[in-house]
Amino acid sequence: MTQTSEMTETYEVIVIGGGAGGLSAALVLGRARRRTLVVDAGEPRNAPAAHMQGYLSRDGMSPTEFLAVGREEIARYGVELVRDRAVDVTRGEHFAVALASGRTVHARRLVVATGLKDDLPKVPGVAERFGKDVLHCPYCHGWEVRDRAFGVLATTPMSVHQALMVSQWSKDVAFFLHEITESDLSADDLRRLAAAGVKVVPGAVAELVTEEARLTGVRLADGTVHAREVLFVAPRAIPQTGLLERLGAEFQETPFGSYPVVDPTGLTSVPGVWAAGNAMGFSEQVINAAAGGYRAGAFINGELLLADLDATP
Ligand SMILES: Cc1cc2nc3c(=O)[nH]c(=O)nc-3n(C[C@H](O)[C@H](O)[C@H](O)COP(=O)(O)OP(=O)(O)OC[C@H]3O[C@@H](n4cnc5c(N)ncnc54)[C@H](O)[C@@H]3O)c2cc1C
């Protein structure tokens with residue numbers, strides 16, 4: 001590689017992941033005149049949903065349009081974006097990020113905003129209907145399906161919490177025990193389910209029943225069909241944090257998986273590496289992911305400024 005091409009491949013900041021978290025960090029950094037590259041594999045978590053809810057001033061917007069607008073905004077400030085996947089990262093004088101295309105890019109600071117993947121319960125019909133009438137989050141979709149016939153698929157005893165929560169949006173809730181039994185539930189669980197009017201249905205779920213591309217029921221292994229219009233499920237979250245692991249970042253166990261230890265700015269235990277969005281925490285919704293990216297971008301700018309001033313003789 002010539003010296004010139006090496007120079008052009010060195011950025012002040014590389015943002016890995018171009019969802020709400022990554023684009024928001026990039027917007028702040030671009031506006032702060034930092035030479036910034038976003039590397040994005042283009043598979044945002046909420047791609048199965050037609051609408052994004054609960055983002056003040058953007059409620060109901062299409063997730064695809066939201067990200068397209070974000071990409072336009074960062075381009076105004078000279079931020080580059082490549083559709084590629086970061087496959088490895090090493091730390092030397094600069095961070096070296098190897099991309100799936102074979103290119104290697106370098107930067108002084110990194111933002112990891114790679115999101116998480118939802119590992120769905122392996123019940124026939126769940127994957128096909130996810131984001132439509134098979135849902136995971138009442139804050140994302142509850143209003144749109146309010147008062148319909150809900151089911152909740154239990155995959156762990158923690159599913160009780162979801163069954164109780166969704167009763168805020170419909171009074172017709174059936175809790176399919178599926179992978180648990182009534183003896184897995186505490187006396188408090190059973191009391192709260194009864195108080196919320198949630199019907200407990202024992203037995204494994206065999207498949208979802210659909211008609212004309214919509215959910216109409218839930219079939220149990222014994223063949224009985226329960227008419228339902230909406231099914232809430234709890235996917236297992238798989239944080240996309242392999243690059244942080246490679247850098248030796250410290251992690252902490254949570255009920256929703258292992259996430260990096262970060263300070264209030266999103267700085268991980270690896271100096272120079274920030275995390276934002278669902279790569280940082282399970283409960284980050286789009287608006288929180290964007291806020292975390294913004295905060296990381298602003299702190300990185302300040303840190304680079306001081307680092308350069310302190311290095312000036
Ligand atoms: C069906 C569904 C509906 C939802 N609806 C809502 C809603 O209505 N409102 C709401 O607030 N939240 C909603 N959410 C949650 C929302 O998807 C997340 O809060 C949001 O996507 C988090 O943003 P992020 O930037 O952290 O991650 P993402 O949006 O997932 O973006 C991460 C990006 O990083 C890329 N990436 C990953 N690894 C790499 C790599 N190694 N190299 C390069 N790029 C990489 C991915 O391809 C992706 O483009 C929903 C989630 C689901 C599953």
Side-chain angles (χ1 to χ4, degrees), residues 15-25 43-49 51-61 63 66-67 70 111-121 130-131 134-145 150 152-169 192 231-245 249-269 273-297 299:
V15 178
I16 306 173
L23 291 179
S24 185
E43 295 167 0
R45 183 179 170 209
N46 55 354
H51 303 282
M52 175 187 83
Q53 310 291 161
Y55 194 121
L56 187 65
S57 84
R58 298 292 177 271
D59 185 46
M61 191 176 190
F66 174 75
L67 294 179
V111 179
V112 176
T114 41
L116 67 75
K117 291 249 179 263
D118 293 287
D119 182 25
L120 294 168
F130 186 56
V134 172
L135 308 171
H136 75 299
C137 161
Y139 294 103
C140 305
H141 313 279
W143 174 267
E144 285 63 39
V145 297
F150 286 7
V152 176
L153 185 73
T155 37
T156 78
M158 274 170 59
S159 299
V160 171
H161 180 72
Q162 193 176 34
L164 295 175
M165 193 55 66
V166 302
S167 71
Q168 175 64 18
W169 283 269
R192 286 185 180 137
L231 184 70
F232 282 89
V233 300
R236 191 171 60 91
I238 306 176
Q240 300 298 290
T241 46
L243 297 170
L244 290 172
E245 282 168 32
E250 198 183 322
F251 280 77
Q252 60 189 344
E253 287 304 322
T254 78
F256 305 101
S258 179
Y259 290 87
V261 174
V262 293
D263 79 358
T265 75
L267 177 65
T268 68
S269 60
V273 182
W274 273 256
N278 279 151
M280 191 270 280
F282 170 78
S283 58
E284 301 299 282
Q285 297 287 85
V286 181
I287 198 161
N288 313 105
Y294 191 109
R295 195 179 301 117
F299 274 91

Review point. What residues form a side chain to side chain contact (heavy atoms under 4.5 Å, CB included) with Ser269, not counting sequence neighbours?
Key: Ala249, Glu250
**Study point:** Test side chain to side chain contact (heavy atoms under 4.5 Å, CB included) applied to Tyr294 - qualifying residues, sequence neighbours left out
**Key:** Ser24, Val28
**Study point:** Minimum-distance pair of heavy atoms, taken over all atoms of Cys140 and Gln285
**Key:** SG-NE2, 3.3 Å
Review point. Which heavy-atom pair separates Pro239 from Ser258 by the least distance, and what is that distance?
Key: CG-O, 3.5 Å
Review point. Can you name the residues that form a ring pair (Phe, Tyr, Trp, His ring centres under 6.0 Å) with Phe66, not counting sequence neighbours?
Key: Tyr55
Practice item. Would you please name every residue forming a side chain to side chain contact (heavy atoms under 4.5 Å, CB included) with Ala296, sequence neighbours left out? Key: Trp274
Review point. Nearest 0.5 Å, what's the CZ-NE2 distance between Phe232 and His141?
Key: 7.5 Å
Point to revise | Any residue meeting salt bridge (charged side-chain N to carboxylate O under 4.0 Å, His left out) with Glu144, in chain and number order, not counting sequence neighbours | key: none
Listing, residues 159-167 side-chain donor-acceptor contacts under 3.5 Å, not counting sequence neighbours, or none:
residue : atom : partner : partner atom : Å
Ser159  : OG   : Thr155  : N            : 3.1
Ser159  : OG   : Thr156  : N            : 3.4
Ser159  : OG   : Thr156  : O            : 3.0
Gln162  : NE2  : His136  : O            : 3.1
Gln162  : NE2  : Val233  : O            : 3.0
Ser167  : OG   : Leu164  : O            : 2.6

Review point. Of all heavy-atom pairs between Met52 and Val286, which one has the smallest distance, and what is that distance?
Key: SD-CG1, 3.8 Å
**Study point:** side chain to side chain contact (heavy atoms under 4.5 Å, CB included) against Pro48, all qualifying residues, sequence neighbours excluded
**Key:** Phe130
Review point. Quick check: does any side chain N or O of Thr114 sit under 3.5 Å from a backbone N or O of Ala279, one acting as donor and the other as acceptor?
Key: no
Revision key, fill the gap. Those residues at least two apart in sequence (or on a different chain) that pass ring pair (Phe, Tyr, Trp, His ring centres under 6.0 Å) with Phe282 are Phe256
Exercise for review: Please name all residues satisfying salt bridge (charged side-chain N to carboxylate O under 4.0 Å, His left out) with Arg45, sequence neighbours left out, ordered by chain then number.
Suggested key: Asp118
Review point. Which heavy atom in Pro63 sits nearest to a heavy atom in Asn46, and how many Å separate them?
Key: CB-ND2, 3.7 Å
Revision key, fill the gap. Sorted by chain and residue number, the salt bridge (charged side-chain N to carboxylate O under 4.0 Å, His left out) partners of Asp119 (sequence neighbours excluded) come out as Lys122, Arg236
Exercise for review: Can you tell me which residue pairs pass the salt bridge (Lys or Arg N to Asp or Glu O under 4.0 Å) test with a partner in residues 251-260, sequence neighbours excluded?
Suggested key: none
